[in-house]
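In listed order, ligands and their atoms are each counted from 1.
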Amino acid sequence: MKKIIAIICCQLSIFICQLSTVNCQLSTVQAQNPIVSHCYTADPAPMVFEDNDSLYVYCDEDMNVPGVNDFYYMERWRVYSTVDMVNWTDHGEAMPRTAFKWGCEGTCWASQCVKKGDYYYWYMCLSKPGDWRHYIGLGRSKKPSGPFKDVLKKPLFDTGEGGDIDPTVFIDDDGQAYLYWGNNKLRYAKLGSAMIYINTNIGKNGIVEVPLTAEAFGGVKVDDKVTGKDCYEEGPWLDKRGDNYYLMYAAGGVPEHISYSMSKSPEGPWEYKGVVMKQQDTGSFTNHSGMVHYQGKDYFFYHTGWAPKGGGGFNRSMAVEEMHFNADGTIKPITATRKGVKALRTMSPYLQQQAETLNAALGISVVGNEDTGVYVTGIHTGDSMRVANLDFGTEGAKSITLRVASANGKGTLVIRQDYAKGKVLARIPIAATGGDNVWAEQTFDLTAIPTGTHAIHFSFSGTDTQTLFNWDWWQFNEFTSEIEAIPLSTLNSQLSTFYTLQGIPVTNPTKGIYVKDGRKVVIP
Ligand code: FUB
């Protein structure tokens with residue numbers, strides 16, 4: 001029954017999402033949700049590490065192919081980071097499923113990462129070949145963005161039952177780490193100090209089953225029937241603010257909403273506190289949440305079916321909202337919005353920026369890992385990318401430098417200001433570099449000068465059906481305040497074209513400021 005409801009919800013959500021696709025093209029600068037649009041991302045687990053300026057989100061990638069694997073099909077986990085809440089850097093293949101030699105194809109489900117000592121520990125769940133149950137595995141890395149390696153070469157434990165999914169890990173102020181997890185049952189264990197074993201001092205084999213009572217979770221579910229106003233389903237998130245411990249979770253059966261319980265101890269007893277995010281038509285019949293404190297604000301992460309192309313219950317997309325607490329520590333209800341959250345700061349176009357740092361993107365993919373290099377590929381005619389909130393200053397940019405690789409040299413990059421149909425800043429033919437992995441830096445003059453704060457929209461066209469080029473990074477180059485003066489009397493000997501600051505060619509320039517040969521000039 002649960003499966004039938006899930007399938008109906010899924011079909012409905014695909015339909016709803018298709019209807020709303022027209023509203024989620026890249027030109028809609030205001031919409032910050034979903035936070036990643038070039039692939040499907042689910043089960044967000046946000047984390048801020050003490051010694052790092054960025055906010056990281058760990059997630060899994062939905063790769064459902066309709067008609068082939070009409071269910072969750074997930075071959076890898078992904079990591080994203082941000083410093084401004086609107087542009088997100090994709091860290092590529094942080095942990096492919098094949099890194100777990102014991103793992104089964106397509107089963108990479110929810111996860112969470114914490115740091116202890118010199119290492120980042122990423123607890124994730126996946127199946128074994130020929131075994132329908134999920135197990136909790138552990139990836140470890142010295143960098144938050146990986147690549148992560150399988151530390152144990154086997155699951156962390158085996159309860160002999162199903163439902164061992166959705167690990168959440170939390171390190172308390174005294175250094176004790178707790179792992180909670182479970183679908184339709186909720187269990188926890190203390191982790192040993194090395195983070196790679198369960199501390200067997202509590203419960204049977206160190207595992208405690210949390211009683212799913214009405215006091216703790218709002219109601220009780222037996223055989224898919226809920227008695228009471230709510231119930232625990234899956235996707236726990238353990239956290240702490242002040243002296244309050246929070247347990248958020250997907251609740252109420254399918255379709256899911258997010259509810260929470262509170263306690264004065266990470267081991268409970270838990271007291272049901274209500275709904276955080278009610279069930280909404282986001283196109284996804286599951287939801288999965290995480291909370292994080294960053295730059296003085298609290299953020300709530302969840303997932304939807306809001307991807308601009310093909311989004312739905314098995315093709316989910318992460319989203320974020322600001323969250324607020326009442327004086328007694330209870331959580332104010334949160335609504336899922338397309339608008340999402342505001343930028344915390346502007347981004348400099350004059351620093352080298354990774355091509356995979358994106359506000360939104362359609363069609364492209366991001367490959368590689370932090371050891372080999374991460375870059376944008378799969379660039380075809382009609383694809384596009386957007387970066388938000390770039391501060392060009394008062395002088396503006398005169399040119400852009402790109403690090404690209406192209407075998408065919410048949411691609412053109414069009415750079416526009418603000419929108420998909422915004423002012424053209426440059427049309428750049430990307431020359432062949434000698435191969436898709438032969439990288440070259442190329443600098444191009446802009447034909448209009450962006451000043452002030454703008455989004456930049458990159459779109460691609462070309463005469464080849466193959467990848468037009470691969471893209472590593474970009475950097476705009478700033479005008480200096482020295483402006484060359486060109487006396488009117490010498491104009492006839494100046495052969496190049498003059499442009500207005502808005503990029504319009506001027507055949508008979510008079511007094512004023514223009515762009516010529518990629519530089520600002522003044523005719524006094
Ligand atoms: O992503 C697969 C499963 O769907 C997760 O493990 C659950 O929390 C639900 O989001």
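A centroid separation of less than 6.0 Å is found between the aromatic rings of Tyr302 and Phe300. Taking the six-membered ring for Trp and the full ring otherwise, Phe148 and Trp77 have centroids separated by 6.0 Å or more.
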Only distances under 3.5 Å count here; give the side-chain donor-acceptor pairs of residues 242-250 to other protein atoms, sequence neighbours excluded, each with its distance to 0.1 Å.
unit_1 : atom_1 : unit_2 : atom_2 : d
Asp243 : OD1    : Lys264 : NZ     : 3.4
Asn244 : OD1    : Lys264 : NZ     : 2.6
Tyr245 : OH     : Asp172 : OD1    : 3.1
Tyr245 : OH     : Asp172 : OD2    : 2.6
Tyr245 : OH     : Lys240 : NZ     : 3.1
Tyr246 : OH     : Gly329 : O      : 2.4
Tyr249 : OH     : Ser261 : OG     : 2.8

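Note: Phe49 and Tyr56 have tilted aromatic rings, judged against thresholds of 30 and 60 degrees for the angle between ring planes.
A search for salt bridge (charged side-chain N to carboxylate O under 4.0 Å, His left out) contacts involving Arg97 returns Glu75, not counting sequence neighbours. Taking the salt bridge (charged side-chain N to carboxylate O under 4.0 Å, His left out) definition, one finds that Lys297 meets it with Glu322, sequence neighbours left out.
The protein residues lying under 4.0 angstrom from ligand 1, judged by non-hydrogen atoms, are Asp43, Tyr72, Met74, Trp109, Ala110, Ile165, Asp166, Glu234, Thr286, His288, His303, Arg316.
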